[in-house]
Amino acid sequence: TADDSEIARNVGVDSAGNVVVSGSENGFAPGTRWVIRKYDANGNLLWMRNYHSPGTASDNAYAMAVDLDGNILVGGDAQRYDLSQWCNWVLLKYDGEGNLLWSRTFNGASNSLDGISGVTTDAAGNSIAVGIVNQGNWRIAKYDSMGNDVWANVVAVPWFGYNPVWGVAADGTVAEG
């Protein structure tokens, strides 16, 4: 927007040509919240959803994918100072109508910076998310179509500052930054 109160970070298209955009919006007291919007092929808004954690601080959506069934996965972080934690890893799955199907969160052992920076889906409907945990190590997690944990791995990364992982392919290949 003109006052920089919204940041669109991700765009996807479903099989019907509908466009989904996700990002964050400022001005939601306090902090930021996630925003997910779905438009038809002609650019008309079909629905909008927001996510703001109970922690009432800044939450940011950094990753999004649309699966073969038109479901939308959005990942990012949520600040949870109310739990004496910094940022938690959050993954939400919506159906094509904008109904929340499931949500998953993860807080690393150090209660520090955890968040999703990339998400994808495979042909079987599984979701694969990547991001950081414990303020720099990488976490790669696979969930089935119902949001159940399939597996998760943490990769220890030598600490030379912030070591983000930015993307993931359906085969689990990650892109580092």
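When reading the values below, keep in mind they use all heavy atoms of this one structure, side chains included, and skip hydrogens, waters and symmetry mates.
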Report all side-chain donor-acceptor pairs from residues 63-72 shorter than 3.5 Å, counting only partners two or more places apart or in another chain.
unit_1	atom_1	unit_2	atom_2	d
D67	OD1	D69	N	2.9
D67	OD1	G70	N	3.0
D67	OD1	N71	N	2.8
D67	OD2	N71	ND2	3.1

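Atom OG1 in T121 sits 9.0 Å away from atom CG in N126 (nearest 0.5 Å). Annotation: the span from D40 atom CG to N18 atom CG amounts to 6.5 Å, rounded to 0.5 Å. Taking CG from L91 and CG from L73, the interatomic distance works out to 5.5 Å, rounded to the nearest 0.5 Å. Atom-to-atom distance recorded for L92:CG and S103:OG is 6.0 Å, nearest 0.5 angstrom. S145 OG to K93 NZ: the interatomic distance, rounded to the nearest 0.5 Å, is 5.5 Å. Here I7 contributes atom CD1 and E25 contributes atom CD; the two are 10.5 Å apart, rounded to the nearest 0.5 Å.
Considering all non-hydrogen atoms of both residues, G23 and A61 come closest at O-CB, 3.4 Å. The two residues E97 and R49 have their closest heavy-atom pair at O-NH2, 3.4 Å.
Taken together through direct or relayed side-chain contacts under 4.5 Å among Ile, Leu, Val, Met, Phe, Trp and Tyr, Y94 and I116 form parts of separate hydrophobic clusters. V90 and L100 end up in the same hydrophobic cluster when Ile, Leu, Val, Met, Phe, Trp and Tyr side chains are linked at under 4.5 Å.
Counting only heavy atoms from C-beta outward, the side chains of S117 and W138 never approach each other to under 4.5 Å. Proximity of V20 to I36: side-chain heavy atoms (C-beta onward) are separated by under 4.5 Å at one or more points. Inter-residue side-chain proximity for I128 and V119 is flagged as unmet; no heavy-atom pair is nearer than 4.5 Å. Counting heavy atoms from C-beta outward, S24 and R9 have side chains that approach closer than 4.5 Å.
When atom types are taken as modelled, the side chain of D77 and the backbone of N60 share a donor-acceptor pair closer than 3.5 angstrom. N42 contributes no side-chain N or O that, together with a main-chain N or O of N44, makes up a donor-acceptor pair within less than 3.5 Å. Without hydrogens or angle criteria, R37 side chain to M48 main chain gives no donor-acceptor distance under 3.5 Å. Listed for the W47 side chain is a donor-acceptor partner under 3.5 Å among the backbone atoms of G96. At least one donor-acceptor pair closer than 3.5 Å links the side chain of T32 to the backbone N or O of D59. R139 places no side-chain N or O within 3.5 Å of a backbone atom of V130 that could act as its donor or acceptor partner.
Clustering of Ile, Leu, Val, Met, Phe, Trp and Tyr by side-chain heavy atoms under 4.5 Å joins V11 with V13, V19, V21, Y39, L45.
Below 30°, between 30° and 60°, or above 60°: for W89 and F106 the angle between ring planes is above 60°, a perpendicular geometry.
A side-chain donor-acceptor contact under 3.5 Å links S22 and N10.
In terms of the ring pair (Phe, Tyr, Trp, His ring centres under 6.0 Å) criterion, residue partners of Y51 (sequence neighbours excluded) are, by chain and number, W34.
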Chi angles and distances behind the salt bridge (Lys or Arg N to Asp or Glu O under 4.0 Å) call for K142, D149: CA-CA 6 Å; K142 184 174 184 178; D149 294 326; over 6 Å; no
